[in-house]
Amino acid sequence: MTELLQAAISPPNLLPTGLLVFVLLYWLTVLLGLLDMKTVDLSIEDHGHLHFDSDGPHEGMGTGWLNGALAFFNLGRIPLMVFLSFVFLPLWVGSILVNYYTGNTSLLLGLAFLLPLFIGSLFVAKFLTLPFVKLFAALEKDHDGGAVVIGKVCTVLLPATADKLGQASVQIDGAPLMLNVRSINAPLAKGETALVIDFDAARKCYLIEPFTD
């Protein structure tokens, strides 16, 4: 463990270690309810494609490759920070192993290793995030597809307010369904019961209010 810690803070591994620490701190704030998974995200619309406003005649030619790249790596279908977490972890592991087996202690050579390691980590992240695509698609159903939960009672899992996105669980045919939610009235804390009253298509979340028997 001591050797791993020393390797992690050695000059050639400082950058990937810093990136890994960044995502760990991010998820810690999510668990504490200080942030939600949408706090840091790409502005992606139209079924996973970046939306650009342009009057130029070659708009499609200029953005098509980027839209294709985003779709290929599942960006737009899963939150950005989820994807980056699966990029930075293999990047860190790869950096530790490459610098260890090459005996490298140089910062510059370590940075040179990062480019191929980063490219490889992108492809690793693509496959590791495949199971999450359907999960987040279920969490962000459109209004028509998700109408079955409107009027249902749910249990708050992550605190929700009018401005802060939270999560709640609702029972559908005996199986729990996870929802991204916002409270339209009083803030709702973890464990409280709420009623699903509507779907906010713009924010892609359900609107809930406190519920009492």
Side-chain angles (χ1 to χ4, degrees), residues 20-51 70-71 73-89 125-213:
L20 182 63
V21 170
F22 166 71
V23 296
L24 290 176
L25 290 176
Y26 171 81
W27 288 115
L28 178 61
T29 60
V30 170
L31 290 175
L32 293 176
L34 301 177
L35 294 175
D36 59 66
M37 286 192 295
K38 296 290 186 179
T39 301
V40 181
D41 211 348
L42 293 174
S43 178
I44 299 177
E45 303 173 0
D46 301 328
H47 305 289
H49 295 286
L50 273 176
H51 180 71
L70 291 173
F73 288 111
N74 299 325
L75 284 166
R77 290 179 283 181
I78 61 172
L80 175 63
M81 289 304 298
V82 173
F83 180 78
L84 290 182
S85 299
F86 284 102
V87 172
F88 293 160
L89 180 58
K126 169 187 167 58
F127 291 103
L128 291 179
T129 55
L130 286 176
F132 293 88
V133 173
K134 290 184 178 181
L135 172 63
F136 284 100
L139 293 178
E140 298 184 353
K141 289 180 179 179
D142 59 24
H143 184 275
D144 293 334
V148 292
V149 304
I150 295 176
K152 301 283 187 180
V153 175
C154 64
T155 302
V156 178
L157 302 179
L158 288 177
T161 67
D163 300 318
K164 177 183 171 184
L165 191 70
Q167 286 190 342
S169 173
V170 61
Q171 295 291 327
I172 301 294
D173 297 328
L177 179 64
M178 305 288 290
L179 307 175
N180 289 326
V181 297
R182 292 182 189 271
S183 174
I184 62 169
N185 293 321
L188 288 164
K190 178 180 178 181
E192 291 191 87
T193 302
L195 181 67
V196 182
I197 61 172
D198 202 356
F199 181 80
D200 187 338
R203 294 183 174 183
K204 295 183 179 180
C205 66
Y206 289 89
L207 303 179
I208 60 175
E209 63 180 8
F211 177 82
T212 54
D213 295 327

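By convention here, the first residue in the shown sequence is residue 1. All of these numbers come straight from a predicted model, not from anything done at the bench.
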Self-check item: Under the side-chain contact (heavy atoms from CB on, under 4.5 Å) test, residues paired with Lys126 that sit two or more places apart
Solution: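 Lys126 satisfies side-chain contact (heavy atoms from CB on, under 4.5 Å) with Phe72, Phe73, Asn74 once adjacent residues are dropped.
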
Self-check item: Arg182 side chain vs Ala160 backbone, donor-acceptor pair below 3.5 Å
Solution: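 Not confirmed, Arg182 side chain does not pair with Ala160 backbone.
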
Quiz item: Once you round to the nearest 0.5 Å, how far does CG of Asp200 lie from OH of Tyr206?
Solution: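 Output value for this atom pair is 11.5 Å.
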
Quiz item: By side chain to side chain donor-acceptor pair (under 3.5 Å), which residues pair with Thr155, not counting sequence neighbours?
Solution: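 Result, side chain to side chain donor-acceptor pair (under 3.5 Å) vs Thr155: none returned.
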
Exercise. Write down the atom of Val149, the atom of Val196, and the distance for their closest heavy-atom approach.
Key: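 Between these two residues, the closest heavy atoms are O-CB, 3.4 Å.
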
Exercise. Quick one: list whatever passes ring pair (Phe, Tyr, Trp, His ring centres under 6.0 Å) with Phe88, sequence neighbours left out.
Key: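 Partners of Phe88 by the ring pair (Phe, Tyr, Trp, His ring centres under 6.0 Å) criterion come out as none, since no residue qualifies.
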
Quiz prompt | Test log, rule side chain to side chain contact (heavy atoms under 4.5 Å, CB included), inputs Val153 and Thr193 | solution = CA-CA 7 Å; Val153 175; Thr193 302; 3.2 Å; yes

Quiz prompt | Worked verdict on Leu158 versus Lys190 for side chain to side chain contact (heavy atoms under 4.5 Å, CB included) | solution = CA-CA 5 Å; Leu158 288 177; Lys190 178 180 178 181; 5.9 Å; no

Quiz item: CG of Leu84 to OH of Tyr26: how many Å apart, nearest 0.5 Å?
Solution: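 Spacing of CG (Leu84) from OH (Tyr26) equals 9.5 Å.
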
Exercise. Report yes or no: does Ser183 contribute a side-chain atom to a donor-acceptor pair with the main-chain N or O of Ala186 at less than 3.5 Å?
Key: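 Confirmed, Ser183 side chain pairs with Ala186 backbone.
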
Practice problem: Kindly write out the residues that satisfy side-chain contact (heavy atoms from CB on, under 4.5 Å) with Leu128, not counting sequence neighbours, or none if the list is empty. | Solution: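 By the side-chain contact (heavy atoms from CB on, under 4.5 Å) rule, Leu128 matches Phe86, Val124.
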
Quiz item: Can you name the residues that form a side-chain contact (heavy atoms from CB on, under 4.5 Å) with Ile184, not counting sequence neighbours?
Solution: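 In terms of side-chain contact (heavy atoms from CB on, under 4.5 Å), with neighbours along the sequence ignored, Ile184 is linked to Ile197, Leu207, Glu209.
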
Self-check item: Minimal non-hydrogen separation, Val87 against Ala125, with atom names
Solution: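 It is CG2-CB, 3.5 Å.
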
Quiz item: From Ile208 CD1 over to Ile150 CD1, what is the distance, rounded to the nearest 0.5 angstrom?
Solution: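 Atom-to-atom, Ile208:CD1 and Ile150:CD1 are 13.0 Å apart.
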
Quiz prompt | side chain to side chain contact (heavy atoms under 4.5 Å, CB included) between Lys152 and Phe211, intermediate numbers included | solution = CA-CA 10 Å; Lys152 301 283 187 180; Phe211 177 82; over 6 Å; no

Self-check item: Gap between atom SG of Cys205 and atom CG of Leu179 - 0.5 Å precision
Solution: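 Interatomic distance, Leu179 CG to Cys205 SG, rounded to 0.5 Å: 10.0 Å.
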
